[in-house]
Every structure is written in structure tokens, then in C-alpha cells.
There are 2 protein chains.
Amino acid sequence: MSSLDSTQPKIGLRERKKQQTRETIARAALRMFALRGYDETTLAEIAEAAEVAPRTIFAYFDSKEDILFSEESEYLNELKRMLDERAAGTTTVDALREFVGCMKSPDEDDKLRKKVIMANPALQMKMRARHAQLEPMLGESIARDLGTDADDIRALLIAASMTAAFESVSDQFFQAESGGEPVTHEHAMAILDQVLDFLRGGLEAMQRG
Amino acid sequence: MSSLDSTQPKIGLRERKKQQTRETIARAALRMFALRGYDETTLAEIAEAAEVAPRTIFAYFDSKEDILFSEESEYLNELKRMLDERAAGTTTVDALREFVGCMKSPDEDDKLRKKVIMANPALQMKMRARHAQLEPMLGESIARDLGTDADDIRALLIAASMTAAFESVSDQFFQAESGGEPVTHEHAMAILDQVLDFLRGGLEAMQRG
DNA sequence: TAGCAACTTTGCAGGCGCTGCATTTATATA
DNA sequence: TATATAAATGCAGCGCCTGCAAAGTTGCTA
């Protein structure tokens with residue numbers, strides 16, 4: 001171990017270059033999607049703009065779609081991690097609250113991505129499909145909280161409501177850019193708490209019913 | 001009007017043949033998907049089995065995916081129609097209740113379709129995406145009931161909950177085949193009513209909160 | 001019933017996304 | 001510097017999908 005001292009070349013030139021190439025491709029693609037449309041941009045053109053061979057793109061992304069969505073998907077993975085590794089005693093709802101609390105507001109690229117997606121119905125559908133992955137994830141986590149199966153109607157309802165709340169919050173984060181008032185974390189939390197009231201009341205009513 | 005009497009050749013041979021061809025293609029495709037897998041079945045093979053030219057398939061279906069999903073989509077269209085044309089005074093919830101009440105249990109082809117979809121993660125995602133279309137539809141309808149915007153959190157929550165309920169019911173309709181007890185309309189209605197209790201209680205709690 | 005108009009089916013050429021495989025080029029290590 | 005490892009590329013090819021024009025059907029009417 002004496003060989004690795006103060007300087008830490010742990011992440012060699014290789015890794016750095018890879019990271020850089022990946023980002024170059026993603027940025028080039030995003031720019032072109034925004035400028036000319038998703039369908040109108042070919043992988044060959046992206047490759048040219050990123051100064052790589054078309055074949056190389058597939059060393060970094062699974063598909064054209066993935067170039068656009070992979071970054072956003074990181075988000076979901078992070079949430080998944082938080083749900084899996086949450087401390088004993090904390091609930092799914094707590095984890096989601098914490099997650100929303102830590103959400104960063106969208107940067108320029110996020111906005112561009114959203115713009116590209118919103119300009120293309122097929123992409124909107126694909127985005128929905130990705131977001132929909134959230135629901136079974138939450139449902140499972142909630143079922144654990146409740147000590148029931150994942151197909152328990154209560155778990156499903158809670159998961160669906162929380163997903164809706166989450167979607168609503170992220171939508172508003174974006175819509176805020178285009179004219180609306182700025183959406184703060186407090187605002188997001190307020191919505192989340194409304195949803196919590198809704199859930200509490202709903203579950204109690206089910207118990208009684 | 002004297003010319004069109006008892007016999008009604010309204011639907012000519014042409015229309016009938018078209019309908020028949022469409023069905024032939026759909027059935028051939030479904031059989032092959034079930035037998036060999038969706039990805040493993042090419043359009044050329046489907047065309048051969050259906051005894052049409054490959055190019056002809058696209059006269060009837062928008063895409064390979066559409067061959068599998070178009071029939072199921074009819075379902076959603078019907079629901080949409082019911083929501084749009086529902087009598088004044090009846091709510092979205094009423095319309096959904098009626099719809100679930102009229103749902104026919106799945107036939108052999110429905111089951112085969114489900115099997116094909118469940119065997120392929122990508123298809124499952126696409127199915128989710130299609131079902132997700134239901135939610136904004138319901139949301140809009142509910143917002144009308146409530147006299148609010150479609151992005152009102154209450155409308156979103158109700159829509160999400162109802163969608164979850166609907167999904168749960170149709171899932172159970174299918175799962176019932178594979179070992180579980182048969183799921184009756186009464187059972188479905190019971191779930192729906194539970195969800196209604198949940199909604200009522202939740203909305204009241206939000207009001208108070 | 002012959003012939004015309006409208007419609008359906010088909011073939012052809014080609015674009016695009018994506019993949020496997022082999023080769024070349026660049027980086028890391030001994 | 002030589003060698004092992006890994007990334008980038010080129011190439012050939014499959015499969016989905018499209019536009020377009022030709023060929024084949026069907027339905028109506030003179």
C-alpha cells in the first residue's frame with residue numbers, strides 16, 4: 001500500500017475521459033434535440049456533433065431514448081436507495097419527505113430536457129412510463145411499513161397518492177419557470193403535508209367503513 | 001329512403017373483408033407472440049402467417065406494438081366516451097362505477113395478451129404507459145366535477161386513487177385465473193367502494209387540515 | 001354486362017435504430 | 001520499452017417503419 005500516497009490517482013485518466021465523453025455526447029444530443037426536435041435528430045448527427053463514431057454512442061447509452069432520460073433516471077435510483085436503506089422506524093413517507101426536501105431546483109439542462117419531452121407526445125408517454133416505475137417501488141416499501149402484501153389496496157392507494165403528489169410537485173417546479181410564481185421547498189412540503197392529511201383521513205375512513 | 005329496405009347491405013363486402021383481415025393479422029400475431037415471444041417474432045413472419053404482404057400490416061396497425069395493444073386500447077376509448085358523454089349531475093366516480101360494473105371478464109385472447117406482456121419487461125413498461133393515459137383523463141373529468149383546474153391537488157389525488165383502484169381490479173381479474181379465487185363484479189365493486197370511503201375521508205381531512 | 005372510379009394490396013427502395021464481431025488505437029502496468 | 005487491458009471504431013447486417021407508385025379488387029352505373 002506504500003505505493004499510493006498523498007496524490008490519489010485512483011480515478012485515472014481513463015475514467016475521467018470516459019466521463020467526459022459521456023457528457024459530451026449527452027450535451028450534444030440535448031442541444032440538437034432542443035434545436036431541431038428529437039425525431040429529427042439522428043444518432044449519426046449526434047455522433048458528428050460529439051466528435052465520436054456512431055458506434056461509440058452505444059458504449060455509453062443503451063438507446064437514443066436513454067441519452068435523454070438516463071440523467072433523470074439517476075434521480076429515481078437515488079430515491080430507491082433512500083427507500084431501501086432507510087433507518088428502521090422511519091416510514092416510506094418520511095423518506096419521501098426527506099427526498100423532496102433535498103430536491104435541487106432544475107438547472108438549464110433539466111429545463112431543456114423537459115422542453116424536448118413536452119414537444120413530443122411519444123416522449124411524454126415514455127417519461128410517464130419511467131415515472132410509473134416509482135409507484136410499485138413506493139407500494140412495496142409502504143407494504144413493508146404496513147406489514148401487508150404489496151397488492152393490499154391501502155398500500156396501492158398510498159403509493160398512488162404519493163406518486164401523484166411527487167409528480168405534481170415536480171411539475172410545478174418546472175411550470176414555475178414559465179410565468180408562475182417561484183415554487184419553494186416550503187411550497188412543496190406544504191403540498192406533501194396536504195397529501196398526508198388526505199392519507200390519514202382516508203385510511204381512517206376505510207377502517208370505519 | 002325507399003331504396004334501403006329490410007336487408008341492410010350498409011356494411012359492404014369491402015368493410016367486412018377489412019375487418020376480417022385485421023382480425024386475422026391480430027390473431028396470427030398474438031399466437032406467435034405467445035408461442036415464441038414478442039421480440040423473437042418478426043413482422044415478416046406475422047405477415048406470412050396471416051397470408052398478407054408485410055407492407056399490408058401497416059395499413060391496419062400503426063406499429064408492431066399496436067397489433068398487441070390496439071384492442072385493449074379500445075377499452076380506454078370506451079371509458080373516455082363514457083366520461084365525456086356522461087349525463088349532467090352524474091360524477092366521474094359514478095361513471096367509473098358503471099364502467100367497472102359492465103366490464104366483461106377476460107377471454108382467452110385477453111389472457112394470452114397478458115401473458116405475452118408479462119413475459120417482456122419492455123412491454124410491461126409500454127402497457128403501464130398506456131394505462132397511465134387514464135389518469136389525466138380522469139383528472140380532467142374530476143376537475144370538472146369539482147369546478148377547479150386539472151392541476152388541483154385534490155383532483156390529482158382522486159384521479160390517482162381511482163386509477164390505482166381500477167388497475168388493482170383488472171389485475172385481480174387476471175390473477176384470479178392463476179390459482180386465486182374467482183373475482184366477481186361484486187368483489188370489484190367492493191374494492192371500488194372501499195376506495196370511495198378512502199376518498200371521502202381523505203378529502204374531509206384535507207378540508208379540516 | 002361492360003367499364004369506370006374508388007379502394008385495397010403489394011413491391012420497391014431506403015432511412016433509421018441497434019447489434020455482434022473483429023480491428024485499431026489509446027492507456028496502464030511491469 | 002514491452003505487454004496486458006480497455007476503449008473507439010468500422011463493417012456488415014437485422015428489423016421496424018415510411019413514401020410512393022404499380023397492380024389487383026370491389027362497387028356502382030350507364
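In what follows, every heavy atom counts, from backbone to side chain, and hydrogens, waters and symmetry copies are set aside.
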Taking OP1 and OP2 of [N], is either one under 4.0 Å from a side-chain nitrogen or oxygen of [X]?
| X | N | value |
| --- | --- | --- |
| Tyr60(B) | dT9(C) | yes |
| Thr42(B) | dG15(D) | no |
| Lys64(A) | dC18(C) | no |
| Lys17(B) | dT25(D) | no |

Exercise. So, is the end of the Lys64(A) side chain (NZ or CZ) under 6.0 Å from the ring centre of Tyr38(A) and within 45° of the ring's axis?
Worked result: yes
Exercise. With a 4.0 Å cut-off on heavy atoms, is Asp39(A) in touch with a base, just the backbone sugar-phosphate, or nothing at all?
Worked result: nothing
Would you call [X] and [Y] a salt bridge, taking side-chain N to carboxylate O under 4.0 Å as the test?
| X | Y | value |
| --- | --- | --- |
| Asp110(B) | Lys115(B) | no |
| Arg86(A) | Glu98(A) | no |
| Arg130(A) | Glu72(A) | no |

Which whole-number value in Å describes the distance from [X] [atom1] to [N] [atom2]?
| X | N | atom1 | atom2 | answer |
| --- | --- | --- | --- | --- |
| Asp66(B) | dC16(D) | CG | P | 14 Å |
| Gln20(B) | dT9(C) | CD | P | 11 Å |
| Glu45(A) | dG15(C) | CD | C1' | 12 Å |
| Glu15(B) | dT25(D) | CD | C1' | 14 Å |
| Ile46(A) | dC18(C) | CD1 | P | 10 Å |
| Arg22(A) | dA6(D) | CZ | P | 19 Å |
| Phe58(A) | dC18(C) | CZ | C1' | 5 Å |
| Ile57(A) | dG10(D) | CD1 | P | 13 Å |

Considering only [options], which nucleotide approaches the side chain of [X] most closely?
| X | options | result |
| --- | --- | --- |
| Arg55(B) | dA7(D), dT9(C), dC12(C) | dC12(C) |
| Thr56(B) | dC16(D), dG10(D), dT9(C) | dT9(C) |
| Ala53(B) | dT9(D), dT10(C), dA8(D) | dT10(C) |

For this session: Answer yes or no: is there a side-chain heavy-atom contact under 4.5 Å between Asp66(A) and Tyr60(A)?
Result: no
Problem set entry | Over 12 foreign heavy atoms within 6.0 Å of CD, Glu140(A) | no
Exercise. Taking everything shown except Glu65(A) itself, do over 12 heavy atoms lie less than 6.0 Å from its CD?
Worked result: yes
Tabulated below should be each protein N or O lying under 3.5 Å from an N or O of nucleotides 4-6 of chain C; please produce it.
from	atom 1	to	atom 2	distance (Å)
dA6(C)	N3	Arg14(B)	NH2	3.2

